[in-house]
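Worksheet for the structure shown next.
The first residue in the sequence is number 1, and the count goes up from there. Just so you know, ligand 1 is whichever comes first in the structure, and atom 1 is the first atom listed for that ligand.
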Amino acid sequence: MQARVIILVDLDYFFAQCEERRNSTLKDKPVVVCVYSGRGEDSGAVSTANYIARKHGVKSGIPISLAKKKLRKKDAVFLPVDHEFYEEVSEGIMRILRSHADRFEQVGIDEAYLDVSQKANRSFEEAKKIAQKIKEEVKAQQKLTCSVGIGPNKLVAKIAADIQKPNGLTIVKSEQVESFLAPLPVSRLVGIGKKTKKKMQTLGIITIGDLAKYDVHRLTEVFGKKLGTYFHNASIGLDDEPVQERDRVESISRISTLKEDTRDLKVILEKTSQLCDAVHSKLVQRGLSFRSVGIVVVLADMSVRSRSKTFESPTNGLEVFKKTVRELFEKFLKASGLDVRRVGVKVSNFSSETERQKHLTDFVGLAES
Ligand code: DCP
Ligand code: CA
Ligand code: CA
């Protein structure tokens with residue numbers, strides 16, 4: 001395989017930074033975003049915290065009550081998670097990132113891999129310029145900072161991005177990979193959790209450098225052929241996992257509340273038409289076609305109803321989408337007596353070019369084994 005240049009972008013203290021963005025008075029205070037369990041006032045866990053709060057030992061996963069103790073008299077702000085808002089911010093940012101990549105793979109709400117081998121002409125210097133441009137655009141358009149790692153593969157890019165946070169930019173060229181990894185603890189590698197780390201410790205393996213020097217045959221004796229080989233390759237920074245668009249989304253939908261409760265088809269379709277536009281643009285962005293169209297209706301008594309229709313073959317047409325939504329609503333209103341409060345539209349049953357190719361390779365893989 002030809003040498004690659006891979007970028008990983010990870011947004012800094014993402015949920016908390018989103019909160020800072022919509023309320024700038026939070027910026028110089030400890031900010032803690034919380035998942036409240038609903039069982040008592042402070043019951044629940046910390047989702048994330050800004051870097052001021054982290055200085056006091058607050059981090060993802062700790063109990064809210066413990067975070068409150070650590071931040072007593074520190075003028076800290078505790079907020080509940082608002083996923084919908086973070087998704088929206090994430091979408092805007094992913095759109096920027098995608099535009100800079102030959103191939104793009106989002107791996108979570110706040111991070112993505114970009115294969116920029118062609119765009120950067122296989123040069124790490126060029127990739128650095130792309131990374132700086134990305135940071136500038138994300139800052140200018142979305143008011144957020146991120147940390148970026150650049151490496152010859154996903155494994156190295158990910159570790160590079162983690163090394164310097166927040167607002168970091170770390171480049172590890174092919175010839176620097178082994179010396180970059182060597183001093184780091186083995187737990188930096190994907191797949192090495194607490195248990196494996198302990199086991200390696202008993203073998204005298206503490207750093208990734210120790211792992212790289214360890215006899216690979218011994219390693220496969222201890223961990224089995226597959227895992228042992230993976231650990232060895234990872235320790236010297238080898239990884240040929242491609243950057244791959246993920247089409248695992250099952251559906252794309254939008255829902256919205258009407259100005260007032262109504263049974264007027266025209267009013268409803270005005271709203272759903274906007275929702276269809278939004279869903280469709282997301283669809284086109286991801287290069288997907290759908291076979292099913294659905295509507296969701298929340299009635300005045302807050303009960304929820306849904307209806308859907310599935311076609312023989314996939315389409316990505318906006319007109320078909322809107323026409324089907326219209327039919328579904330016409331039918332629905334005829335059958336139901338209550339006013340409508342909220343309306344939603346949805347497409348699902350996706351297919352895409354990459355999806356078909358994936359099925360094909362699965363099949364070929366099966367035939368070989
Ligand atoms: N998250 C969560 N619970 C966790 C870990 C993460 O709810 N145990 C959420 C909140 C984070 C978001 O996922 O903002 C992204 O996770 P990251 O691990 O990337 O952490 P942050 O972006 O918060 O911080 P960092 O600056 O270290 O990337
Ligand atoms: Ca992050
Ligand atoms: Ca992340």
| query | Think Arg326 forms a cation-pi with Phe329, using NZ or CZ under 6.0 Å from the six-ring centre and within 45 degrees of its axis? | reply | no

| In ligand 1, which numbered atoms sit nearer than 4.0 Å to a non-hydrogen atom of Leu11? | 22 (O), 28 (O)

| Whether Lys59 lies under 4.0 Å from ligand 1, heavy atom | no

| Which protein non-hydrogen atom lies closest to atom 12 (C) of ligand 1, naming both residue and atom, and how far is it? | Phe15 CE1, 3.9 Å

| query | Is the Lys NZ or Arg CZ of Lys173 less than 6.0 Å from the centre of Phe124's six-membered ring, within 45° of the axis? | reply | no

| field | Trace of the salt bridge (Lys or Arg N to Asp or Glu O under 4.0 Å) decision for Glu137 with Lys133 | value | CA-CA 6 Å; Glu137 283 180 19; Lys133 186 106 198 296; 3.1 Å; yes

| query | Does any N/O atom on Ser60 come nearer than 3.5 Å to any N/O atom on ligand 1? | reply | no

| field | Test: Arg22 cationic atom under 6.0 Å from Phe85 six-membered ring centre, within 45° of axis | value | yes

| Atom of Asp10 closest to the Ca ion (ligand 2), considering N, O or S atoms | OD1

| query | Under a 4.0 Å heavy-atom limit, does Asp10 contact ligand 1 with its side chain, its backbone, both, or neither? | reply | side chain

| said: I'd like to know whether CD of Glu175 has more than 12 heavy-atom contacts from other residues, nucleotides or ligands below 6.0 angstrom. | reply: yes

| Which atom of Glu111 approaches the Ca ion (ligand 3) most closely (N/O/S) | OE1

| note | In Asp110, the N/O/S atom nearest the Ca ion (ligand 2) carries the name OD2

| said: For atom 6 (C) of ligand 1, what's the nearest protein heavy-atom neighbour? Residue, atom name and distance, please. | reply: Ser47 O, 4.0 Å

| field | Any N/O pair Gly61/ligand 1 closer than 3.5 Å | value | no

| query | Looking only at heavy atoms, which two atoms of Val297 and Val340 are closest? And how far apart? | reply | CG1-CG1, 3.6 Å

| query | What part of Tyr51, side chain from CB on, backbone N/CA/C/O, both or neither, has a heavy atom under 4.0 Å from ligand 1? | reply | side chain

| query | Is at least one protein non-hydrogen atom found at under 4.0 angstrom from atom 18 (O) of ligand 1? | reply | no

| query | Which bit of Arg54 gets closer than 4.0 Å to ligand 1, counting heavy atoms only: side chain, backbone, both or neither? | reply | side chain

| Is the shortest distance from a Lys or Arg side-chain nitrogen in Glu245 or Arg103 to a carboxylate oxygen in the other one below 4.0 Å? | no

| query | Would you say Phe14 and ligand 1 have an N/O pair spaced under 3.5 Å apart? | reply | yes

| query | Where is the tightest heavy-atom contact between Val293 and Leu328, given as atom of each residue plus distance? | reply | O-CD1, 3.8 Å

| Evaluation steps, side-chain hydrogen bond (donor to acceptor under 3.5 Å, both in side chains), between Gln17 and Asn50 | CA-CA 7 Å; Gln17 209 187 167; Asn50 70 357; over 6 Å; no

| query | Asp12 to ligand 1: N or O pair under 3.5 Å? | reply | no

| field | Residue portion contacting ligand 1 (non-hydrogen atoms closer than 4.0 Å) for Lys165 | value | side chain

| field | For Lys199, all residues meeting salt bridge (charged side-chain N to carboxylate O under 4.0 Å, His left out), sequence neighbours excluded | value | none

| Is atom CD of Gln118 surrounded by more than 12 heavy atoms (other residues, nucleotides or ligands) closer than 6.0 Å? | no

| Note: Arg254-Glu91 ion pair, threshold 4.0 Å (strictly below) | yes

| query | Please state which protein non-hydrogen atom is closest to atom 23 (O) of ligand 1 and give its distance, to 0.1 Å? | reply | Thr48 OG1, 2.5 Å

| request: Examine Leu11 and say whether one of its N/O/S atoms is closer to the Ca ion (ligand 2) than 3.0 Å. | output: yes

| For ligand 1, which atoms, with element, lie under 4.0 Å from some heavy atom of Tyr13? | 21 (P), 22 (O), 23 (O), 24 (O), 25 (P), 26 (O)

